[in-house]
Amino acid sequence: MTSSRATKIDRLASVAARGPEFEVGPDGQGSPNGHDAGVSLAVSAWRRLRRNPVFIVGAVMIGLFVLLAVLAPFIAPHDPALRLLEDQVSRANNEIPPPQDGYPLGGDQYGRDLFSRMLLGSQQTLLVAALATVIGLGGGLVLGTLAGAFGGWVDSVVMRIVDVLLSIPSLLLAVSIGALFAEQSQFTVILAVAIVQIPIFARLLRGTMLSVRESDHVLAAKALGVKRRAIVFRHILPNSLGPVIVQSTLVLAIAVLDAAALSFLGLGAADDSTPEWGQMLGNAQDFFDSQPHLAFWPAGCIIVVALGFTLVGESMREALDPRQRR
Amino acid sequence: MGMALLEVRDLSVVFRRRGEEPTIAVDNISFDVEPGQTVGLVGESGCGKSVTSLAIMGLLPSRGAEVSGSVTFEGEQLLGLSQRQLDERRGRDLGMVFQDPLSSLNPVVPIGLQITEVLERHRRMSRKEAKVEGEHLLNRVGIPDPNRRLDEYPHQLSGGMRQRALIAIALACRPRLLIADEPTTALDVTIQAQILSLLSELVSGTDTALIMITHDLGVVAGLCDEVNVMYGGRIVERAQRHALFAEPRHPYTHGLLASIPRLDAPRGEKLVPIRGSVVDNIAWSRGCAFAPRCPNQLEQCWSDPPELVEDRGGMLRCHNPVEVAPLAAEGTR
């Protein structure tokens with residue numbers, strides 16, 4: 001509290017010292033420190049983010065998660081596909097290998113090392129979330145740009161398609177798309193999650209593009225005879241990306257959850273030798289009464305990662321919102 | 001007079017909205033601009049001066065705005081050209097400077113790119129040539145250290161410099177006609193004077209004609225050769241600058257001049273505002289739109305719309321013009 005007041009006073013003092021010639025233009029001086037006088041949206045947003053504890057907590061969570069995913073193959077004590085503890089599994093008695101030396105979390109129902117599977121599962125989760133978001137973002141950018149740039153009937157057609165897609169609950173839509181494929185794999189999960197996100201991105205981008213299209217600098221560019229293509233890609237689109245970027249961090253969280261849900265429902269990869277948290281959760285439900293820890297670990301990881309992305313996304317949205325600028 | 005650079009004849013702009021009375025923003029206006037001439041369009045907010053400029057540039061939305069009449073530029077009809085055809089002329093033959101220099105620049109693109117974009121487009125320059133020319137242009141409009149400024153973003157420039165950059169962009173292709181729509185309104189008074197002198201310096205001695213749109217008679221006094229005073233979408237008075245300030249004929253022009261503080265007026269003298277506001281206007285079809293606010297109004301003004309007729313070397317649309325000019329000296333600043 002006191003320190004923030006001290007910095008505020010410092011700042012006032014420095015402004016006072018610089019004096020009123022802060023914005024002297026044409027005399028040759030420019031503003032005394034031209035890079036401070038006006039601060040771009042991105043820079044000021046970053047300044048606010050840096051001080052936001054919510055952002056820091058979320059960023060640390062994601063950072064650890066990414067680090068784990070990268071290092072997983074090196075720190076995992078065992079091969080996650082090998083049934084090393086199979087002799088301790090007893091189907092009849094609902095017995096599963098307990099935590100023991102070298103196996104901190106014990107084994108799963110097939111006798112595979114649970115700890116190693118948890119570690120390597122982070123890779124799949126990150127891959128699915130990132131790819132699904134990128135594909136969804138890409139599709140949304142194409143559709144949104146089409147609608148926002150052309151307007152008229154192109155806009156109407158694209159937006160009606162988007163409306164139809166949005167009217168179906170997202171998970172139901174993802175399940176339907178996942179079920180369309182003859183052979184389920186991790187890739188179909190990615191595609192299903194991505195397609196669900198496309199209309200959300202498209203509508204968001206189209207909305208901002210329509211408002212940017214009416215702005216003064218676009219009128220000024222038209223008055224200069226700038227070609228339509230350049231107007232769209234240089235003057236409208238780059239100014240419309242802010243909300244889309246924020247949305248994509250939030251979509252990362254949704255993608256983690258949706259992908260887990262699809263795997264849980266059995267629409268993930270048929271082969272479970274590559275561990276995936278949602279799939280592990282799904283497999284664990286048979287043992288939920290006797291072995292709740294099998295469900296606890298993957299569920300906990302999914303929650304923590306999704307929470308991390310949500311916290312970062314929310315704090316970015318706040319930081320980039322011009323109404324919140326002080 | 002020969003053929004003017006720009007001839008505007010009976011230009012009207014009507015905004016139509018479903019379920020609402022159409023709004024006549026510009027009502028049958030005609031004027032000429034000669035090469036090298038500076039013409040002022042003066043009037044208060046909502047008199048149609050900006051809409052006139054947008055109509056000349058072909059920048060009004062195709063839906064909702066109905067433009068009629070004729071706008072010929074170097075003998076070529078501009079109304080009815082496709083956007084693609086207009087794009088070939090805008091920026092090259094016709095330039096425009098807008099009111100708010102910050103919002104008229106693209107915030108995410110460096111200044112340099114916004115200049116070279118036009119040069120590459122219309123003067124077919126390579127990226128490299130355009131950059132050199134851009135530096136030269138920024139230097140010409142008085143932006144110091146132009147090489148560094150080329151890589152800077154609009155928010156890093158002061159207000160005055162932004163407007164200088166916009167002028168540089170508008171003049172990049174040496175247009176034959178430059179339209180400046182209230183170019184100084186968003187600026188500090190000291191910067192205003194600098195921008196105005198820059199504009200007149202850039203335009204004088206060249207073929208480039210300038211249409212100056214403003215509500216500020218001080219700007220007109222310093223810059224314009226000929227002045228059109230607009231009221232309610234119509235031109236109510238046209239005169240040479242000197243005549244307008246020495247002998248304002250229309251009561252509206254007279255009122256505008258009387259409401260400006262003067263350095264040579266006795267101390268303590270009160271300013272005389274024009275009564276009422278634009279909402280009091282009556283339709284031109286019924287009489288004189290200015291009648292409800294006019295100190296010189298006659299019975300006739302409420303029933304008989306006045307025509308624009310020749311008057312002492314200019315044009316005037318009034319039944320009962322101001323006879324004696326109480327404003328002795330010319331100029332306001």
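Heavy atoms closer than 4.5 Å to chain A are found nowhere in Leu86(B), neither backbone nor side chain. For Phe98(B), the part sitting under 4.5 Å from any heavy atom of chain A is the side chain, from C-beta outward, and nothing else. Contacts of Leu54(B) with chain A are made by side-chain atoms alone, with heavy-atom separations under 4.5 Å and no backbone atom involved. For Val108(B), the parts lying near chain A are the backbone and the side chain together; criterion is any non-hydrogen pair under 4.5 Å.
Nearest heavy-atom pair, Arg90(B) versus Ala223(A), reported as atom, atom and distance to 0.1 Å: CB-O, 3.4 Å. Residues Ala220(A) and Ser104(B) share a closest heavy-atom pair of CB-O, 3.5 Å.
We find the CD-NE2 distance between Gln114(B) and His235(A) to be 6.5 Å, quoted to the nearest 0.5 Å. Remark: Arg228(A) CZ to Asp87(B) CG distance equals 10.0 Å, nearest 0.5 Å. Note that the CG atom of Leu219(A) and the CG atom of Asp181(B) stand 9.5 Å from one another [nearest 0.5 Å].
Side-chain atoms of Asp216(A) never come within 3.5 Å of backbone atoms of Asp100(B) as a donor-acceptor pair (strictly under, hydrogens ignored).
Other residues, nucleotides and ligands place no more than 12 heavy atoms under 6.0 Å from the CZ atom of Arg63(B). Atom CZ of Arg203(A) sits in a sparse spot, with 12 or fewer heavy atoms from other residues, nucleotides or ligands closer than 6.0 Å.
When each of Gly95(B), Pro154(B), Pro107(B), Pro61(B) is checked for heavy-atom pairs under 4.5 Å with chain A, Pro107(B) comes out on top. For the set His122(B), Met57(B), Glu88(B), Arg92(B), the entry with the most heavy-atom pairs within less than 4.5 Å of chain A is His122(B).
A 4.5 Å side-chain heavy-atom check between Leu224(A) and Glu117(B) finds every atom pair outside the cut-off.
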